[in-house]
Amino acid sequence: MSATFAHPHPRRWAALLFISIAQLMVFLDSAVMNIALPSAQDALHFSDGGRQWVITAYGLAFGGLLILGGRLSDLLGRKRTFTIGLVGFALASALGGAATNLGVLLTARAGQGVFGALLAPSALALISLTFTNPKERAKAFGIFGAIATAGGALGLLLGGVLTQYLNWRWSMLVNIPIAVIGIIGAITVVHDISTEGKRTRLDIPGAILATLGLVALVFGFAEAESRGWDSVLTITMLIASVILLLAFVILEGKLTSPLLPLHILTERNRAGAYLSVGLAVISMFGMFLFLSYYLQLVKGYSPIETGVAFLPLAAAQAFGSMVIGTRLTGRMRPGLLMSGGYLVTAVGVLLLVLLREDSPYSLLAVAEIITGLGIGTAFMPSMSLGTHGVQPEYAGVASAMVGASQQVGGSVGTALLNTIAASSTATYLLSHAHGKANTNAALVHGFSTAYWWAVGFLVLSALISLLAVNAPHPSHHTTESSKAPEMAI
């Protein structure tokens, strides 16, 4: 069965606009909330441990339910689950904005994660199935990729503005008007392939194993960041995640209607895209984290100044995705384009190693621009390849794997690179004179060590893209769906 529409939908570009706006909400939310957390903690009087759970509650629900959300979108219809996700996300955001204590705020954050896990794969699948012309598809994923990659940086700016000039509650309430715009677009212009006659029973055992396995994985890395890698709880969660996910894979291989058909993972282009994105996101999440620390703790920037300082990165990501990635897609095969983009990103992150306490902002800005151009260029074909050669009835779950790779990569990056930076900082302090004068130097030294690791992950992403992704560029075929047999790794 072809994964394309017989005729392009006449309102597809308007649909892309609304889908991208809705997806922006998901990417903005985490970054905005990170900036607003100190104010929320002060207003609701909860502990530092509670502050960690405000982030973790969203990550656990979102990461744990992504595969289930993607499969539900295939069974119920992408447009339907997209709309439900928007409505639920808006309601959860309203609850969070009205929170009077930590319990209500945590419930709201978990609710955002649940409906985000339904919304995100539906959005990517809708774009994949709507744009079938190779040139249009490249442009559509360029726009979508620009919003996806720039959303985090823009969220830092928006979070600073809302927190500084209004209050922390608007970090939640701002999602409501965005969701309303998305709902209007979903009802009026978004089009989907009918799922009538294609519905099968939901794989409940697989859903339970996948959800518990992903929750244990995300929770394990979250605990590693706060309690350490030698914590009994950290080790238990990570071992449990391996066992649960292994059991999930074994089960899926035996079922006729699995939650995640294994051919989604074994086709080399999709697998290469998922793995390279996950490794690259490890670096990107670490970079966002350490740059935020550097600007606020070392340079003394305010929240809004920190957000403004990230603008070159956001602009470069958008340009890399919408202009460079889109134009080169028709001239280069995706694997080569992705590999080149990741290597350029590695050069940008490598420049961050040079940062010192008194470094001028111009050095940081140059590093941001190079990093943004590279990652924007690389992520555009990566997102498109996430549904490479997939039949329409599996577009949602294939799209969910892109989100799952990003979520797992983000969890690993935050925990692993933060541990590396903290350890390097502690070692520096032990080997130098103690005192306030050395604190910033120690922090910068820790960040630099972590950046070296980030560069390594990006180089590995480039290598995987070059070797695993062998799909030709779009001009070699009439549709993105390959008519050749899938190749297993």
Side-chain angles (χ1 to χ4, degrees), residues 2-5 8 12-13 16 20 124 127-150 267-277 279-280 284 313-349 369-390 398-399 402 458-487:
S2 174
T4 63
F5 291 113
R12 58 193 180 280
W13 292 108
L16 174 65
S20 298
L124 192 58
I127 294 175
S128 176
L129 295 172
T130 298
F131 291 91
T132 59
N133 177 277
K135 291 185 178 180
E136 288 192 348
R137 183 181 175 90
K139 185 176 181 181
F141 273 104
I143 295 172
F144 185 79
I147 292 173
T149 54
E267 199 275 328
R268 64 183 298 163
N269 292 285
R270 291 194 296 268
Y274 301 149
L275 185 55
S276 66
V277 166
L279 290 170
M284 296 307 294
L313 176 63
Q317 285 176 319
F319 187 86
S321 184
M322 295 178 64
V323 180
I324 300 177
T326 300
R327 291 188 177 182
L328 292 182
T329 293
R331 300 181 175 92
M332 300 171 63
R333 63 182 182 87
L336 189 60
L337 181 57
M338 291 161 59
S339 181
Y342 288 133
L343 288 177
V344 171
T345 307
V347 172
V349 176
I369 291 171
I370 295 174
T371 300
L373 291 174
I375 203 66
T377 300
F379 272 2
M380 191 282 288
S382 300
M383 290 185 177
S384 179
L385 280 176
T387 53
H388 174 84
V390 173
S399 299
V402 178
L458 286 164
V459 171
L460 186 56
S461 291
L463 184 62
I464 290 172
S465 300
L466 189 63
L467 298 179
V469 179
N470 67 347
H473 60 74
S475 64
H476 284 184
H477 47 84
T478 56
T479 68
E480 185 69 17
S481 296
S482 176
K483 297 180 181 179
E486 294 184 342
M487 294 183 65

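Quantities reported herein were computed from a predicted structural model and do not represent experimental measurements.
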*For residues Trp13 and Lys139, report the shortest heavy-atom separation together with the two atoms involved.*
CH2-CD, 3.9 Å
*Taking Ser128 for the side chain and Leu124 for the main chain, is one N or O donor matched with an acceptor at less than 3.5 Å?*
no
_Nearest atoms (heavy-atom pairs only) where Ala346 meets Val459_ = CB-CG2, 4.4 Å
_Show the nearest heavy-atom pair for residues Ala140 and Leu16, with the distance to one decimal._
CA-CD2, 3.8 Å
*Mind checking the CZ-CG spacing from Arg268 to Leu385? Nearest 0.5 Å is all I need.*
12.0 Å
*Short question: side chain of Ser321, backbone of Ala318 - any donor-acceptor pair under 3.5 Å?*
no
*Quick one: side chain to side chain contact (heavy atoms under 4.5 Å, CB included) partners of Ala280, sequence neighbours excluded?*
Tyr342, Ile375, Phe379, Leu458, Ser461
*Close side-chain approach of Arg333 and Leu466, heavy atoms under 4.5 Å*: yes
*For the side chain of Asn470 and the backbone of Asn269, is there at least one donor-acceptor N/O pair under 3.5 Å apart?*
no
*Qualifying residues under side chain to side chain contact (heavy atoms under 4.5 Å, CB included), relative to Val323, sequence neighbours excluded*: Phe319, Arg327
*Provide the closest heavy-atom pair for Ser465 versus Met338 in the form atom of the first, atom of the second, distance.*
OG-CE, 3.5 Å
*Measure across Thr329 and Met380 and return the closest heavy-atom pair with its distance rounded to 0.1 Å.*
OG1-CE, 2.6 Å
*Hey, is the main chain of Ile464 close enough, under 3.5 Å, to the side chain of Ser339 for a donor-acceptor pair?*
no
*With Thr377 via side chain to side chain contact (heavy atoms under 4.5 Å, CB included) - residues at least two apart*: Ile324, Leu337
*For Gly374 against Thr345, the heavy-atom pair lying closest together*: C-OG1, 3.0 Å
*Taking side chain to side chain contact (heavy atoms under 4.5 Å, CB included) as the test, write out the residues that go with Ala316, two or more places apart.*
Ile369, Leu373
*Which residues satisfy the side chain to side chain donor-acceptor pair (under 3.5 Å) test with Thr371, sequence neighbours excluded?*
none
